[in-house]
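Keep in mind that this is a model prediction, so the values were computed, not measured.
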Amino acid sequence: MKTLTIQTPDDWHLHLRDGDMLPETVPATARCFKRAIVMPNLVPPVTNAEMAMAYRQRILDARPEGNSFDPLMTLFLTNNTSEQDIIEAKAAGIVAAKMYPAGATTNSSAAVKQLEAMYPVFEVMQEQGMLLLVHGEVTDHHIDIFDREKEFIDQKMVHIVKNFPNLKVVFEHITTADAAQFVQEAGDNIAATITPQHLLLNRNDLLVGGVRPHNFCLPVLKRNTHQEALRKVVQSGSPKFFLGTDSAPHAKEAKENACGCAGCYSAWSAIELYAHVFEELDALDKLEGFASHYGPDFYGLERNEGTITLVREDWTIPDEITLPNDKPIVPFFAGHTVHWKLQQS
C-alpha cells in the first residue's frame, strides 16, 4: 500500500495551552484534524462558560488563514462547580466537562478533591447531555503511581457508572489492561481515548538506561503487558476506543529540569504516529474508524466531510522544533523514523 485515504479525523483529547503557545499548537493540530476536544487546565483553569468562550476565540484567532479547524470546548470541574455552571456551559455550546483528581497532572491543583461531592453536578450533566471526561487516577500518596488507574476504577469509576447509567463518560488516555477491560465490559455510555505514546512505548522507554524526560507523561507509561493490551483493543476495531493524543507541549527547558513537567507533544506528527502503530499491528483498515468515526459517533456529532491522505514514506521526526517565542521544544518520538506522512494539499 502506497497511500491511505481516510475520512478527516478529529482529536478527542488535546492540550493547546495558551498565549504564545497557540501559534505553534493550533496549526500543528489543524493541519490534519478538523475538530479537537480542548482541555481546560490552563492557569487559571477554564471553570465557566465565559472563560471557555474567550479561550475558544483565542484559539480561532491562531488558526492558519483559510483553515476551518473547530475547537470543542470543555469545562474544568472543581468542588465549587455549580449546577448552574453546567446549564450555562451547555447553553453556550460546551460539549463536556473534565474531571481531574486534584494534583493528578499539570495545572490540576484546583481540581476535584472530593469526587462524591460532585454527584449533584454529574446528575445535571446527565440531564443536560453533557459528557464527563475523566482523568482516571487516584492521588493518594500511599498508592503506587503505576497502580493509580486500577485503584481509580475500583474506588471511583465503578460507582460513577452505577449511579449515572445515562451519563456518557470518556475514560481519558487509558494506560492499563484493567482500564481496557473495564471499558469493554461497560455499557454503551462508556468509551475511552488512547494516546500514541501509550501505544508506542512502555515504562522501559521512560526508565531503562536513564530517565528520558520527553517520554514522561501522566498517566505514566506502564509495563509492556499493558501496552500490548491497548494495542490489541485498537487492533480489534472496537468502537469504544478512539483517538485522543493528549498532546501536551512544554518547552525543552521545562522538561529537562528538576520540575520534570509531564506531557508529550505529539500533535506535530500525530496522525502519522497512529498510522505507524496501526501498520505495525497489520490493522491499517481499522485506522479510519479509530481516528474518524468512533469519536463523533460517541459524542453524538456528525462525522466530518472530506478526507486526508497519508503517503507511505519514511521520514524522521526532528530532534527539536522552535516555538514562536524562540524556545526549543522536543516533539514526541523525536529522532525516530515513521513510515507514513500526511500528503499536503
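Residues that satisfy the salt bridge (charged side-chain N to carboxylate O under 4.0 Å, His left out) test with D154, not counting sequence neighbours, are K150. Annotation: side-chain contact (heavy atoms from CB on, under 4.5 Å) contacts of D319 (sequence neighbours excluded): none.
N48 places a side-chain N or O within 3.5 Å of a backbone atom of M51 that can act as its donor or acceptor partner. In this structure, the side chain of D140 does not engage the main chain of H142 through any donor-acceptor pair within 3.5 Å. A donor-acceptor pair is defined here as one N or O able to donate and one able to accept, closer than 3.5 Å; such a pair exists between the side chain of W315 and the backbone of W340. For E151 (side chain) and E137 (main-chain N/O), no donor-acceptor pair under 3.5 Å exists by modelled atom type. The main-chain N or O of Q7 is found under 3.5 Å from a side-chain atom of E288 such that the two form a donor-acceptor pair. At least one donor-acceptor pair closer than 3.5 Å links the side chain of R148 to the backbone N or O of I143. Counting only distance, with no hydrogens or angles, the side chain of S269 and the backbone of E272 share no donor-acceptor pair below 3.5 Å. Between the R17 side chain and the P249 main chain, a donor and an acceptor come within less than 3.5 Å of each other.
Taking a cutoff of 4.0 Å between a charged side-chain nitrogen and a carboxylate oxygen, E256 and K327 do not qualify as a salt bridge. Look at K156 and E116 and you find a salt bridge, because one of the NZ, NE, NH1 or NH2 atoms lies within 4.0 Å of a carboxylate O, short of that distance. Comment: R312 engages E279 in a salt bridge, judged by a side-chain N to carboxylate O separation of less than 4.0 angstrom.
When every heavy atom of I94 is checked against every heavy atom of A49, the shortest pair comes out as CD1-CA, 3.8 Å. In this structure, K286 and G237 approach most closely via the heavy-atom pair CD-CA, 3.9 Å. The minimum heavy-atom distance linking L132 with L167 is given by the pair CD2-CD2, 3.9 Å.
Annotation: side chain of K34 is not in contact with side chain of E305 (no heavy-atom distance under 4.5 Å). Under the 4.5 Å side-chain criterion, counting only non-hydrogen atoms from C-beta, D11 is in contact with L243. By the 4.5 Å heavy-atom criterion applied to side chains, F332 and T245 are not counted as neighbours. Within the 4.5 Å cutoff, the side chain of V161 has heavy atoms near those of the F182 side chain. In this structure, the side chains of H276 and P196 stay at 4.5 Å or more apart for every pair of heavy atoms. The shortest distance between side-chain heavy atoms of T81 and V112 does not fall below 4.5 Å. Taking the side chain as every heavy atom from C-beta outward, R203 and V220 never approach each other to under 4.5 Å. Residues L115 and F152 form a side-chain contact, since some pair of their non-hydrogen atoms from C-beta on lies under 4.5 Å apart.
Atoms NE2 and CG, on H135 and L218 in that order, are 6.5 Å from each other to the nearest 0.5 Å. I174 CD1 to T193 OG1: the interatomic distance, rounded to the nearest 0.5 Å, is 7.5 Å. A distance of 8.5 Å separates NZ of K168 from CG of N189, quoted to the nearest 0.5 Å.
For the residue pair T316 and T337, a side-chain donor N or O sits within less than 3.5 Å of a side-chain acceptor on the partner. A donor-acceptor contact under 3.5 angstrom links the side chains of N304 and D10, judged on distance only. Side-chain contact annotation: N325 with D20, donor-acceptor N/O pair under 3.5 Å present.
The aromatic rings of F242 and Y299 stand perpendicular to each other, their planes meeting at an angle above 60°, with 30° marking the opposite boundary. Using cut-offs of 30° and 60° for the angle between ring planes, the Y119 and F164 rings count as perpendicular. Using the six-membered ring where Trp is involved, H336 and F333 have ring planes that are parallel, under 30° apart on the 30 and 60° scheme.
Few gaps surround CD on Q114; more than 12 heavy atoms of other groups in view lie less than 6.0 Å from it. For R223, the CZ atom is loosely surrounded, since the number of other residues' heavy atoms within 6.0 Å does not exceed 12. Within 6.0 Å of CD on E320 lie more than 12 heavy atoms contributed by other residues, nucleotides or ligands. The environment of CG in D282 is sparse: at most 12 heavy-atom neighbours from other residues, nucleotides or ligands sit within 6.0 Å. Counting non-hydrogen atoms of other residues, nucleotides and ligands closer than 6.0 Å to CG of D314 gives a total above 12.
Both M53 and F69 are members of a single hydrophobic cluster when ILVMFWY side chains are connected at heavy-atom separations under 4.5 Å. Criterion: ILVMFWY side-chain heavy atoms under 4.5 Å apart, direct or through other members. Under it, L60 and V26 are not part of a common hydrophobic cluster.
A cation-pi arrangement, defined by a distance under 6.0 Å to the six-membered ring centre and an angle within 45 degrees of its axis, is absent between K255 and F216.
Here the options are H226, K222, E149, the test is side chain to side chain contact (heavy atoms under 4.5 Å, CB included), and the partner is D178; only H226 passes. Across R56, R35, R63, a single residue satisfies side-chain hydrogen bond (donor to acceptor under 3.5 Å, both in side chains) together with D70, and that is R56.
In this structure, the ring of W12 has its center no less than 6.0 angstrom from the ring center of F298. Between F76 and Y100, the gap from one ring centroid to the other is short of 6.0 Å.
Listed by first and then second residue, the salt bridge (charged side-chain N to carboxylate O under 4.0 Å, His left out) pairs involving residues 224-239 are E228-R231, R231-E280 (not counting sequence neighbours).
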